[in-house]
Engineer: 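Structure incoming, see below.
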Protein chains: 2
Amino acid sequence: MTGPDTRPDTRPDEDADPDSPEGRGGAAVVIPAAPPGSGRTGLDRRRVLGAAIEFIDAEGLNALTMRRLGAYLGVEAMALYRYVPGREQLLDGVVESVIDELYGDPDVHLAASHGWQDYLQRLAHGVRRIALAHPEVFPLVATRPPAAPWVRPPLRSLRWVESFLDALIDSGFSEASAVAAYRAYSSFLLGHLLLEVSQKGVKISPEDQPEGVPGAVATTDLSEYPTVVRLEALLSLDESAAEFEEALENLLGRLEVVLREGRTPRRGDTRG
Amino acid sequence: MTGPDTRPDTRPDEDADPDSPEGRGGAAVVIPAAPPGSGRTGLDRRRVLGAAIEFIDAEGLNALTMRRLGAYLGVEAMALYRYVPGREQLLDGVVESVIDELYGDPDVHLAASHGWQDYLQRLAHGVRRIALAHPEVFPLVATRPPAAPWVRPPLRSLRWVESFLDALIDSGFSEASAVAAYRAYSSFLLGHLLLEVSQKGVKISPEDQPEGVPGAVATTDLSEYPTVVRLEALLSLDESAAEFEEALENLLGRLEVVLREGRTPRRGDTRG
DNA sequence: ACCTGAACACCGTTCAAGT
DNA sequence: ACCTGAACACCGTTCAAGT
């Protein structure tokens with residue numbers, strides 16, 4: 001079984017709130033906000049983070065300020081500090097929430113009875129779905145300093161590391177190979193997905209395209225780059241999806257060799 | 001607290017007269033502009049960008065503000081706008097300058113007469129050297145939106161794309177294979193190097209390690225992650241350099257197959 | 001020609017105060 | 001218990017003014 005610790009209400013919300021200032025001992029039930037109608041009022045850490053994600057998706061990362069997020073939630077900026085210690089931690093929370101979406105992804109969470117390769121495939125596709133769903137957030141997922149050196153982007157969660165390693169070890173990988181596989185897998189996902197989302201983003205980003213402006217710069221002098229010019233059509237093709245599949249297949253193939261032969265494939269291996 | 005709040009001006013040079021009442025009688029001392037000897041005065045776009053890189057390397061990306069960079073150069077922030085249109089373009093210039101260091105790298109710039117594999121090796125190592133020399137800048141190299149979709153991080157320069165494609169095509173690659181190779185190579189470099197620099201950075205970043213604080217969170221409850229705990233030593237090893245070599249070798253091996261057999265290697269190939 | 005001072009709009013964050 | 005108003009220190013950027 002490979003899913004990260006299956007059922008037990010591993011919900012990312014509630015609990016795990018280390019910063020609640022002091023109170024907390026309250027005998028009464030608390031019930032933090034959320035009146036019957038679950039109306040737009042009743043702030044809540046989860047709602048704040050969710051709003052931040054929506055806001056970034058819609059307006060871009062640079063547009064997110066405490067004040068604007070407050071306004072988006074119909075509240076003054078200062079009210080947010082009740083749910084989040086500051087802006088940096090808001091961003092940390094955003095990254096965590098986005099990654100936590102993986103836990104709700106049924107395609108990833110399937111009982112992983114189809115072997116480690118199937119599991120790694122589904123996990124990779126789950127992460128890719130998240131990256132494509134939140135292209136403005138993914139650079140944050142990619143670059144926020146991880147909590148520990150072995151919690152790597154883009155998985156970023158102890159639970160996924162645990163589940164990844166267990167899956168491989170249960171399938172016969174040595175501990176060292178499982179760790180090496182985890183590293184190679186992270187690096188593949190990170191590089192590929194970061195490039196894919198940034199390629200997506202560039203289609204909108206050109207900001208101010210100067211119009212007429214006759215004698216203007218006109219980008220660059222392309223005559224010095226004849227090959228680039230000649231291959232422009234090829235270079236502009238977006239084959240991200242196919243490349244992702246291919247690189248993933250290749251990685252799995254390499255890991256298979258490690259598992260079967262207990263060694264790392266080398267440069268000449270592919271000869272017959 | 002975050003960031004180096006070192007309030008008292010981080011100015012490296014002497015007192016730039018913060019608020020001395022009015023002394024300064026000597027009218028002769030000033031010398032504000034560039035004297036013959038190209039002294040430390042005499043601002044200049046290149047000097048501004050160079051200072052920005054030094055500043056980021058030393059204080060971190062978040063610490064870089066127009067005002068602080070001005071102070072670092074012994075000048076008011078507003079003076080910088082003569083050389084750079086604004087903060088965003090400053091950062092673009094920083095990224096460009098850092099990547100341009102590759103052009104001065106003799107190890108990369110060798111006549112590429114030892115074949116395409118040797119060239120790709122040297123180029124990759126050159127980029128890695130830059131990433132490790134400027135770990136605080138590299139995330140910027142990785143995430144700034146590229147000028148065109150086919151100018152990909154971390155190379156980010158038309159000249160390198162041109163040179164990369166020429167090298168492969170001259171060696172017999174088809175145009176399509178050369179482009180595919182360029183994509184795979186970018187993705188490998190980006191993923192690997194971004195992870196490597198962030199792993200480096202984490203060693204310093206732990207910010208405020210709370211000391212005693214008996215009942216505190218103490219990071220997380222590790223008992224739910226027995227495999228991670230058991231493999232902690234393995235997971236903490238930094239094998240970045242070896243992994244880089246290995247992944248690079250593997251990529252070159254794949255490309256070799258494409259070149260020789262005109263096709264993409266598939267999952268079963270490594271069988272005898 | 002190059003830099004500064006003052007000003008503007010906007011930030012993150014604190015804290016006392018409202019309800 | 002939860003939110004606001006006012007305030008503080010700092011930002012990016014503009015523009016007229018100094019030299």
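Side chains included, hydrogens not; waters and symmetry mates left out as well; all remaining heavy atoms used. Order of the sequence lines fixes the chain letters, A, B, ..., with proteins taken first and strands second; residue numbering starts at 1 for each chain.
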Engineer: Checking all strands, does Arg82(A) fall into the base, sugar-phosphate, or nothing category for heavy-atom contacts under 4.0 angstrom?
Structural biologist: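 Base contact.
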Engineer: Calculate the interatomic distance between Leu73(B) atom CG and dC2(C) atom C1'; express it in whole Å.
Structural biologist: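 It is 14 Å, rounded to the nearest whole Å.
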Engineer: Output the rounded distance in Å from CD (Glu76(B)) to P (dC11(D)).
Structural biologist: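 So the CD-P distance, Glu76(B) to dC11(D), works out to 13 Å.
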Engineer: When you measure from the side-chain N and O atoms of Arg68(B) to the phosphate of dC11(D), is any distance below 4.0 Å, counting only OP1 and OP2?
Structural biologist: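 Answer yes for this pair, as a side-chain N or O of Arg68(B) is under 4.0 Å from OP1 or OP2.
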Engineer: Regarding Met78(B), tell me which of base, sugar-phosphate or nothing describes its non-hydrogen contacts under 4.0 Å with the strands shown.
Structural biologist: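 Base contact.
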Engineer: Judged by each residue's nearest nucleotide on DNA chain C, which is more toward the 5′ side, Leu64(A) or Val75(B)?
Structural biologist: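 Nearest nucleotide further toward 5': that of Val75(B).
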Engineer: How long is the line joining CG of Leu69(B) and C1' of dT13(D), in whole Å?
Structural biologist: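 From Leu69(B) CG to dT13(D) C1': 15 Å.
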Engineer: Should the pair Tyr72(B) and Phe55(B) be assigned to parallel (<30°), tilted (30 to 60°) or perpendicular (>60°) ring geometry?
Structural biologist: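 Rings of Tyr72(B) and Phe55(B): perpendicular, over 60°.
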Engineer: Using a 4.5 Å cut-off on heavy atoms from C-beta on, say whether the side chain of Leu80(A) contacts that of Leu73(A).
Structural biologist: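 Leu73(A) reaches Leu80(A) side chain to side chain.
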Engineer: Expressed as a whole number of angstroms, how long is the span from Leu43(B):CG to dC3(C):P?
Structural biologist: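 Checked: the CG to P distance equals 5 Å.
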Engineer: Whole angstroms only, please: what is the CG-P distance between Leu80(B) and dG12(D)?
Structural biologist: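 Result: 10 Å.
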Engineer: Just to confirm, is there a sub-4.0 Å distance from OP1 or OP2 of dA1(D) to any side-chain nitrogen or oxygen of Tyr83(A)?
Structural biologist: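 No, because none of the side-chain N or O atoms of Tyr83(A) sits under 4.0 Å from OP1 or OP2 of dA1(D).
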Engineer: Hey, mind stepping through Glu101(A) and His134(A) against side-chain contact (heavy atoms from CB on, under 4.5 Å) and telling me if it holds?
Structural biologist: CA-CA 11 Å; Glu101(A) 289 182 20; His134(A) 305 286; 2.9 Å; yes
Engineer: Tell me the partner of dT13(D), counting only Watson-Crick (N1-N3 plus N6-O4 or O6-N4) or G-U wobble (N1-O2 and O6-N3) with both under 3.5 Å; none if nothing fits.
Structural biologist: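 WC or wobble partner is dA7(C).
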Engineer: Looking at Trp160(B) versus Tyr103(B), is the centre-to-centre ring distance below 6.0 Å?
Structural biologist: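 Ring centres of Tyr103(B) and Trp160(B) closer than 6.0 Å.
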